[in-house]
Asks: 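First, the structure itself, so that you have it in front of you.
Along the sequence shown, residues are numbered consecutively beginning with 1. Computed from a predicted structure; not experimentally measured.
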Amino acid sequence: MSVSHAKDSSFLGGRIPPEIDSMSKNLKDVDQEMFRKILKAVVSGLEGRDCSEVMKSIAESSTVPQERLSHVVAGVHRLLSEAIRVPASSLKQEAFTEDLRELRIPEEFITDFSSVVFGNRRAALDAATARNDPHLPTVEDFKWRVDVAISTSSLARSLQPSVLMQMKLSDGSFHRFEVPVSKFQELRYNVALILKEMNDLEKRNILKIQD
C-alpha cells in the first residue's frame, strides 16, 4: 500500500505554532499597507536591527486594537523564523504558498511573505540567523599520535600504547587528552555505529523531502 507523506514536508512541521494560528485569525482587519509595515519591521528585527520605535509608531497609527495587533506581529515573526530555518534549497515556493493558503492567509499577504523568504533579503536573514542561533564551537584542527610508555610508576602500564589527541576549536581553545587503545577502539566503534544509524534514517521515506 502506498502512503503519501506530502504534508510532512511542511516547513511548520506537524503542528501549527500557536502564534501563527492566532495571527491568521487576526489578519482580517489588517490592510496591506499596515501588513507591509509590520513585515518590514519584523524583517529588520530578524536582521538584528532595533525596530522598537517603528513598532511603536505602527501601534500608535493603527486602528486595529493593540492586543490583536500584537498577535499579528508575533505570528509574522514566528512564521518568518520557521521559514528561514529551512535551507533555501529545500523549501519550495509552491509548497510554502500552499501551506499559507491552508492557514487561510490572504493571497496578497502570501505574496509579501514569499518576497521575503525567497527574495533578495534571504541571504541577510540567513546570515543573521546563523549569528544569533546558540551553537557550540566546531573542530577546526585535529592532531593525534600513538605513544608508548616505556617506564611508569605503574608496572601494569609499561609498554602499553596510548593515543594522544589534540583538538583546536573555532573559539580558539585547545583540548588535549590521552586515551588507552581499548577506549580509542570503543570510540571508533561508537562513531561508526552512529554514522550507520544516520545513514539508515536517511533511507526512510518519511524523512525524504517531497517535491
Side-chain angles (χ1 to χ4, degrees), residues 3-136 206-211:
V3 179
S4 173
H5 297 286
K7 292 314 296 173
D8 293 338
S9 64
S10 169
F11 75 98
L12 293 174
R15 179 178 297 180
I16 300 172
E19 301 93 331
I20 297 176
D21 186 47
S22 179
M23 174 198 70
S24 63
K25 296 174 181 177
N26 285 282
L27 279 174
K28 59 182 180 180
D29 294 329
V30 178
D31 60 29
Q32 190 168 21
E33 181 182 359
M34 176 61 66
F35 179 79
R36 286 180 172 175
K37 289 180 180 179
I38 294 172
L39 187 64
K40 183 178 180 180
V42 171
V43 170
S44 295
L46 289 171
E47 290 177 344
R49 294 197 288 269
D50 183 8
C51 59
S52 56
E53 289 300 319
V54 176
M55 293 306 306
K56 181 180 178 181
S57 174
I58 291 173
E60 291 174 349
S61 63
S62 174
T63 58
V64 180
Q66 189 167 349
E67 182 179 356
R68 294 179 62 184
L69 196 65
S70 66
H71 286 299
V72 173
V73 173
V76 170
H77 185 279
R78 182 63 184 273
L79 191 150
L80 289 179
S81 297
E82 294 291 336
I84 61 180
R85 287 183 188 278
V86 181
S89 59
S90 300
L91 185 60
K92 306 297 184 182
Q93 187 166 354
E94 295 79 6
F96 176 78
T97 298
E98 187 60 32
D99 286 338
L100 298 195
R101 283 178 182 153
E102 292 196 0
L103 292 170
R104 301 185 184 279
I105 294 176
E107 287 292 328
E108 61 270 22
F109 297 166
I110 292 177
T111 300
D112 290 336
F113 274 125
S114 295
S115 69
V116 173
V117 176
F118 301 97
N120 296 331
R121 304 286 288 272
R122 178 60 190 259
L125 287 169
D126 285 342
T129 300
R131 288 195 307 269
N132 297 330
D133 276 358
H135 60 278
L136 295 174
I206 194 171
L207 295 180
K208 290 183 179 179
I209 296 174
Q210 303 293 321
D211 290 331

Asks: Taking only residues two or more places apart in sequence, or in another chain, which ones meet Phe35 in a ring pair (Phe, Tyr, Trp, His ring centres under 6.0 Å)?
Replies: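 Once residues adjacent in sequence are excluded, the partners of Phe35 under the ring pair (Phe, Tyr, Trp, His ring centres under 6.0 Å) criterion are Phe109, Phe113.
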Asks: Working to the nearest 0.5 angstrom, can you tell me the gap between Leu79 CG and Ile16 CD1?
Replies: 10.5 Å
Asks: Applying the side chain to side chain contact (heavy atoms under 4.5 Å, CB included) criterion to Leu12, which one of Leu103, Val86, Asp99 satisfies it?
Replies: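 Testing each of Leu103, Val86, Asp99 against Leu12, the sole residue satisfying side chain to side chain contact (heavy atoms under 4.5 Å, CB included) is Leu103.
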Asks: For residues 50-71, pull every pair meeting ring-ring contact (aromatic ring centres under 6.0 Å, His included), keeping only residues two or more places apart or in separate chains.
Replies: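 As it turns out, there is no ring-ring contact (aromatic ring centres under 6.0 Å, His included) pair with a partner in residues 50-71 once direct neighbours are skipped.
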Asks: Checking Gln93 against Thr97 for the side-chain contact (heavy atoms from CB on, under 4.5 Å) test, could you report, in this order, the C-alpha distance in whole Å, the side-chain angles of both residues, the deciding distance, and whether it holds?
Replies: CA-CA 6 Å; Gln93 187 166 354; Thr97 298; 4.2 Å; yes
Asks: Restricting to salt bridge (charged side-chain N to carboxylate O under 4.0 Å, His left out), what partner residues turn up for Glu47, sequence neighbours left out?
Replies: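 So Glu47 forms a salt bridge (charged side-chain N to carboxylate O under 4.0 Å, His left out) with Arg49, Arg121.
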Asks: Taking side chain to side chain donor-acceptor pair (under 3.5 Å) as the test, write out the residues that go with Glu107, two or more places apart.
Replies: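 Per chain and number, Glu107 pairs via side chain to side chain donor-acceptor pair (under 3.5 Å) with Arg101.
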Asks: If you round to the nearest 0.5 Å, how far is CD1 of Ile110 from CD of Glu98?
Replies: 8.5 Å
Asks: Roughly how far, to the nearest 0.5 Å, is the CZ atom of Arg68 from the CG atom of Leu27?
Replies: 9.5 Å
Asks: Which atom pair, heavy atoms only, marks the closest approach of Cys51 to Gly45?
Replies: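 Closest pair (atom of Cys51, atom of Gly45, distance): SG-CA, 4.0 Å.
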Asks: Let me confirm one number: the CG-CZ distance from Leu91 to Arg122, rounded to the nearest 0.5 Å.
Replies: 6.5 Å
Asks: List, one per line, each side-chain donor-acceptor pair under 3.5 Å for residues 55-63, sequence neighbours excluded.
Replies:
| from | atom 1 | to | atom 2 | distance (Å) |
| --- | --- | --- | --- | --- |
| Ser61 | OG | Ser57 | O | 3.0 |
| Ser61 | OG | Ile58 | O | 3.3 |
| Ser62 | OG | Val64 | N | 3.0 |

Asks: Heavy atoms, side chains only, cut-off 4.5 Å: are Leu125 and Val116 in contact?
Replies: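 Yes, at least one pair of side-chain atoms sits under 4.5 Å.
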Asks: Looking only at non-hydrogen atoms, find the nearest pair between Phe96 and Ala83 and report the distance.
Replies: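 Here Phe96 and Ala83 meet closest at CE1-CB, 4.0 Å.
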Asks: Is it true that the side chains of Asn26 and Glu67 contain a donor and an acceptor less than 3.5 Å apart?
Replies: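 Looking only at side-chain atoms, Glu67 and Asn26 do not form any donor-acceptor pair under 3.5 Å.
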Asks: Kindly give the heavy-atom pair with the smallest separation between Asp50 and Ser52, and that separation in Å.
Replies: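 Answer, listing the atom of Asp50 first, then Ser52: OD1-OG, 2.9 Å.
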Asks: Which distance, rounded to the nearest 0.5 Å, do you find between the CD1 of Ile105 and the CG of Leu100?
Replies: 4.5 Å
Asks: Sequence neighbours excluded, which residues qualify as side chain to side chain donor-acceptor pair (under 3.5 Å) partners of Lys40?
Replies: none
Asks: Exactly one of Leu39, Val42, Ile20, Ile38 should register a side chain to side chain contact (heavy atoms under 4.5 Å, CB included) with His77. Which one does?
Replies: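 The side chain to side chain contact (heavy atoms under 4.5 Å, CB included) with His77 is passed solely by Val42 among Leu39, Val42, Ile20, Ile38.
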Asks: Once rounded to the nearest 0.5 Å, what's the spacing between atom CZ of Arg36 and atom CD of Glu108?
Replies: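 The distance works out to 9.0 Å.
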